[in-house]
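Data first, discussion second: the structure below is written as structure tokens.
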Amino acid sequence: KVHFFITAKADSLFHQRIKPVKLRWTQAWRRMNKKGKVEEGAKKRTRKVAKFQKAIVGMTLDDIKKKKAQKPELRQAAKEAAAKEAKARAAQKPKAAAKASTKAAPKAKGQAKVPKGAAAGGGAKKDFKGKK
């Protein structure tokens, strides 16, 4: 491709692969460093973000608004009630687990105790990286 340059100076710098942005006398440098264009004093305006609420999983937007409108004391009371309910549920779980384990115990008595690794009948345990 043939290039035509205004001056030998521009030609020389182009063939030396020197970027015009690095030369202070070029338009490219002036553009990069915001020189000139004094009349454009106004800054670019930024738009203020408008806040809005979205519904989340398990709650509609109306539910969220109702909850926000409630007095803090009512919200605190509801929170404590939910915590008590969760505690009660957690307390009932161990009781149910204890009942299930007593039923399953007679079956386990008939079998001989076998170590965890040998239960599969695979012999010695192998490491993935080939170490022994």
Side-chain angles (χ1 to χ4, degrees):
K1 192 174 177 181
V2 180
H3 298 283
F4 293 104
F5 295 97
I6 296 170
T7 60
K9 180 180 178 180
D11 182 21
S12 169
L13 290 165
F14 175 81
H15 286 99
Q16 289 174 56
R17 292 177 182 264
I18 290 169
K19 293 179 180 161
V21 175
K22 303 221 172 192
L23 301 169
R24 286 192 71 176
W25 54 269
T26 57
Q27 279 298 311
W29 185 91
R30 292 182 68 77
R31 229 173 273 127
M32 278 289 285
N33 291 284
K34 295 180 181 159
K35 305 295 173 194
K37 291 190 180 179
V38 181
E39 69 276 351
E40 273 188 48
K43 270 192 173 179
K44 188 180 173 185
R45 284 190 189 159
T46 54
R47 227 184 262 158
K48 193 174 183 182
V49 179
K51 286 186 180 180
F52 72 99
Q53 283 186 317
K54 266 199 289 192
I56 56 169
V57 177
M59 279 186 110
T60 62
L61 191 57
D62 297 329
D63 293 342
I64 294 169
K65 282 183 180 173
K66 280 178 193 171
K67 209 162 222 186
K68 266 197 169 180
Q70 275 182 350
K71 288 185 177 170
E73 298 89 40
L74 285 173
R75 251 189 286 166
Q76 188 66 29
K79 198 177 187 181
E80 285 169 5
K84 277 183 186 174
E85 188 185 318
K87 242 183 212 176
R89 241 187 281 134
Q92 281 181 349
K93 270 189 183 177
K95 289 178 186 174
K99 284 181 184 176
S101 65
T102 54
K103 287 180 183 176
K107 289 182 184 176
K109 281 184 182 175
Q111 295 174 347
K113 286 189 177 179
V114 184
K116 251 187 183 174
K125 196 172 184 182
K126 292 180 185 172
D127 195 13
F128 287 117
K129 292 185 181 173
K131 296 176 187 172
K132 288 185 180 178

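Under the 4.5 Å side-chain contact rule for hydrophobic residues, I6 and W25 do not share a cluster.
To the nearest 0.5 angstrom, I18 atom CD1 is 6.5 Å from L23 atom CG. Atom CD of residue Q16 and atom CG of residue L13 lie 5.5 Å apart, to the nearest 0.5 angstrom. Note that OG1 of T26 is 10.5 Å distant from CE of M32, once rounded to the nearest 0.5 Å.
Between K68 and K65 the shortest side-chain heavy-atom distance does not fall below 4.5 Å.
Note: H15 and H3 have perpendicular aromatic rings, judged against thresholds of 30 and 60 degrees for the angle between ring planes.
E85 pairs by the salt bridge (Lys or Arg N to Asp or Glu O under 4.0 Å) definition with R89, not counting sequence neighbours. Listed by chain and number, the residues in a salt bridge (Lys or Arg N to Asp or Glu O under 4.0 Å) with R47 amount to none (sequence neighbours excluded).
Between K54 and I64, the shortest heavy-atom distance links the atoms O-CD1, 3.9 Å.
Judged by distance alone, the side chain of R24 and the main-chain N or O of W29 form no donor-acceptor pair under 3.5 Å.
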